[in-house]
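Below: one structure, written as structure tokens.
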Amino acid sequence: MVRVRFAPSPTGYLHLGNARTALFNYIYAKHTGGKIVLRIEDTDRERSKKEYEDMLIDDLKWLGIEWDEGPDVGGEYAPYRQSERTEIYKEYVEKLKESGHIYKCFCTPEELEEERKKAMAEGRPPRYSGKCRNLSPEEIKKLEEEGKPYVWRFRVPDGEYIVFEDLIKGTVEINVDEFGDFVIVRSDGSPVYNFVVVVDDALMKITHVIRGEDHLSNTPKQILIYRALGFQEPKFAHLPIILGEDRSKLSKRHGAVSVRAFRDDGYVSEAMFNGLALLGWHPKGDNEVLSKEEIIAEFDIEDVHNAPAVFDRAKLKWLNGVYIREKLDIDDLTRRAVPFFEGFGYRADLEYYKKVMKAIRDSIETLMDIEERAKPFFVDDFHYSEDGKKFLEDENGYKVVQLFYEKIKDMDDITKEDFKKITKEIQKETGIKGKGLFMPIRVALTGETSGVDIATLVEVIGIERVKHRIKRALEYFG
RNA sequence: GCCCCCGUCGUCUAGCCAGGCCUAGGACACCGGCCUUUCACGCCGGCGACACGGGUUCGAAUCCCGUCGGGGGCACCA
């Protein structure tokens, strides 16, 4: 039984990179019929906040990712918050003490910093020298009596090579001399990340660790801990990281990179899911627009590309447009659009929103575009654009609008067909056609020279508002 | 500085592991055309890449080596 996990730190919004990692874990679990657990890595007390955890969970759910075990749903291997597992960690630290895998190190941060600098200057990897590795019991006793603080370090075997098969990278081989004895327990008694991850993953029976490539160099340290504790090592899969346009790791300075930001910017979750899955993975066929189910069915972790990927905003936007105009059901789409309509101050009932969405869905890429595109359906006292004014300042243009008003002023209802009939009549009577005919009417009704289909607009906003807008234009340009 | 990972159109990628089917396929973006009362949508077309240099081979995007380039990591952060 495959068991994977997603283990974010609640230190901010759900980042695109993390979201992608979560997504691949989820897809892999579903594809293999396995389970996925959500674990909150909140050992960094300074930065971790409960509200961030809630937002993380909210964003994950919005994306369409569900988990079988986690802090909110519980599970066989609870608790799922690292801050609630300190007793467990203590127990395993004891084991390492007993087996002699870790030792006390009294070096001060200043001394270590000094060592690091020196090593770098001499072209050696900046690693701990192993100074306290062989302190005699007497020396240790003395230092402790002096009240000197200490950390516990892992005794890394000299010159050993750690080799593991990464599902994405292939065989990875690292000489442990590169990092030297690393810290397991801080001077305040708290265990360090590399240690708790191993304990948690092992105890939670995680079989596949799928995470970002930035963890690749942590892996040998973790493997050492797995072995020291007698745990079975899981399989590893390191996902290529996501880069910004400048080819550095995607971060806040690349603009909106949180799932929340995209959600707020009018992206729909299905497009996000699809788009994120396409970052480093590609379906067999040419069709890239795939549902969650299709992705799950086709996904294979070994097909993940192994080079870092620059995040393509334009493509995600295009994908979002595809979902808006082709994939989502109109009622569903309308429901999701409501907060946006309201946010723009466009007030109406659901039926009206639906008509508007029907009219504009083909021309928007995000729900944010509703502001511009739906404006004519809601705003009556608009400004006339400079380009637009020309059509009404024109004699023929004004005449067309005048005539149009004559024809509708006694109507108490208007449909698309009525509108077409009327414009046809005007064309016959005046000989004006094409742009010369439609533009003045468009400008009179919307103030702009481009936008939604006028016949549709007229039908949706209704005869009274049409009359009002035409009269207004006639007065304005008369 | 050291270690590790990576290198196909501007971007995401297919092909690479099992060399000929590749005059390298698709998608986004861009450009042009068509459709259309406008803008969009849609449709059609175009532009555009195997980083470089050596091998191996009858034959290399595919295998090997080197160079260059990019990225990640080197914490008492996760």
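Letters A, B, ... mirror the listed sequences (proteins, then strands); counts begin at 1.
- Atom P of nucleotide B:A75 and atom CZ of A:F182 are separated by 12 Å, given to the nearest angstrom.
- Using modelled atom types and a 3.5 Å distance limit, the side chains of A:D200 and A:Y77 yield no donor-acceptor pair.
- Residue A:F179 is out of contact with every strand shown, counting any heavy-atom pair closer than 4.0 Å.
- Here A:E94 pairs with A:K97 in a salt bridge; the nearest charged N to carboxylate O distance falls below 4.0 Å.
- A:G285 comes within 4.0 angstrom of nothing in the nucleic acid, heavy atoms only.
- A:F378 and A:F344 have their aromatic ring centers separated by at least 6.0 angstrom.
- Here B:C5 presents its P atom at 12 Å from CD of A:E178, a figure rounded to the nearest Å.
- Within the cation-pi definition used here (under 6.0 Å to the ring centroid, within 45° of the axis), A:K221 qualifies as a partner of A:F179.
- Listed nucleotides: B:C6, B:A78, B:U11. Nearest to the side chain of A:V310: B:U11.
- Summarising the geometry, atom CE belonging to A:M368 is positioned 12.5 Å from atom CZ belonging to A:F262; distances are rounded to the nearest 0.5 Å.
- Rounded to whole Å, the C1' atom of B:A78 lies 15 Å from the corresponding atom of B:G72.
- As a whole-Å value, the separation of A:K327 NZ from B:C41 P is 17 Å.
- When each of B:G25, B:A78, B:G7 is scored by its nearest atom to the side-chain atoms of A:A307, the top-ranked nucleotide is B:G7.
- With a 3.5 Å ceiling on both atom-pair distances, the Watson-Crick or G-U wobble partner of B:C30 is B:G46.
- B:C52 and B:A24 have their P atoms separated by 15 Å, given to the nearest Å.
- In this structure, CG of A:L279 is placed 17 Å from P of B:G71, rounded to the nearest angstrom.
- Nucleic acid contact class of A:T43 (heavy atoms, under 4.0 Å, all strands): sugar-phosphate only.
- For the pair A:E270 and A:K327, the salt-bridge criterion is not met [side-chain N within less than 4.0 Å of a carboxylate O].
- Two residues are said to be in side-chain contact when any heavy atoms from C-beta on lie closer than 4.5 Å; A:Y346 and A:E371 meet this criterion.
- Here the nucleotide nearest the side chain of A:H215, chosen from B:C76, B:G73, B:A78, is B:A78.
- When both distances must be under 3.5 Å, the Watson-Crick or G-U wobble mate of B:A14 does not exist.
- Here, B:G59 and B:A49 have their P atoms 26 Å apart, quoted to the whole Å.
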Can you build the contact string for nucleotides 29-40 of chain B? Use B for base contact, S for sugar-phosphate-only contact, and - for no protein heavy atom under 4.0 Å. --------BBBS

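- Atom pair A:K221:NZ and B:A75:C1' shows a separation of 8 Å (rounding to whole Å applied).
- Following rounding to the nearest Å, A:R127 (CZ) and B:C74 (C1') show an atom-to-atom distance of 12 Å.
- For the pair A:K148 and A:F106, the cation does not sit on the ring face, since its NZ or CZ is not both under 6.0 Å from the ring centre and inside 45° of the axis.
- Look at the C1' atom in both B:C4 and B:C9: the space between them is 29 Å, to the nearest Å.
- Note on A:S9: only backbone sugar-phosphate atoms sit closer than 4.0 angstrom, heavy atoms only; bases stay farther off.
- Interface residues of residues 150-158 of chain A facing RNA chain B, ordered by number: A:V151, A:R153; criterion, heavy-atom separation under 4.0 Å.
- At the heavy-atom level, A:K249 lies under 4.0 Å from the strands shown only through sugar-phosphate atoms.
- Residue A:K358 qualifies as open at atom NZ: its count of foreign heavy atoms under 6.0 Å is 12 or below.
- For B:G7, the paired nucleotide is B:C68, the pair qualifying as Watson-Crick or G-U wobble because both relevant distances are below 3.5 Å.
- With sequence neighbours left out, A:R133 forms a salt bridge (Lys or Arg N to Asp or Glu O under 4.0 Å) with A:D158, A:D181.
- Remark: the separation of the P atoms in B:C3 and B:G19 is 32 Å, to the nearest Å.
- Residue contacts for A:N306: at a heavy-atom cut-off of 4.0 Å it reaches the sugar-phosphate backbone alone, with no base atom in range.
- For the P atom pair drawn from B:C28 and B:G42, the interatomic distance equals 9 Å after rounding to whole Å.
- Note on A:N287: nothing from the nucleic acid sits closer than 4.0 angstrom, heavy atoms only.
- Rounding to whole angstrom units, CD of residue A:E288 and C1' of B:A14 are separated by 10 Å.
- A cation-pi arrangement, defined by a distance under 6.0 Å to the six-membered ring centre and an angle within 45 degrees of its axis, is absent between A:R442 and A:F391.
- When both pairing distances are held under 3.5 Å, B:U36 makes no Watson-Crick or G-U pair with any nucleotide shown.
- Distances from the side chain of A:V172 to the nucleotides B:C4, B:G26, B:G15 place B:C4 closest.
- Partner assigned to B:C74 is B:G1, using Watson-Crick or G-U wobble distances below 3.5 angstrom.
- Of the candidate nucleotides B:C41, B:C76, B:C4, B:C4 has the atom lying nearest to any side-chain atom of A:L216.
- As judged by a 4.0 angstrom heavy-atom cut-off over every strand, A:L278 is placed among residues touching the sugar-phosphate backbone only.
- Residue A:Y226 qualifies as enclosed at atom OH: its count of foreign heavy atoms under 6.0 Å is above 12.
- Listed candidates were B:C76, B:G42, B:C5. Nearest to the side chain of A:V183 is B:C76.
- As rounded to the nearest Å, B:U23 and B:C17 have C1' atoms that lie 26 Å from one another.
- Close placement of the A:F24 and A:F299 rings is indicated, their centers lying within 6.0 Å of each other.
- Taking atom NE2 on A:H238 and atom C1' on B:C3, their separation rounds to 15 Å, with Å as the unit.
- Each of B:U13, B:C28, B:A78 was ranked by its minimum atom distance to the side chain of A:H305; first place goes to B:U13.
- With both pairing distances under 3.5 Å, B:C21 is matched to nothing as a Watson-Crick or G-U wobble pair.
- A distance of about 7 Å separates the C1' atoms of B:A61 and B:C16, rounded to the whole Å.
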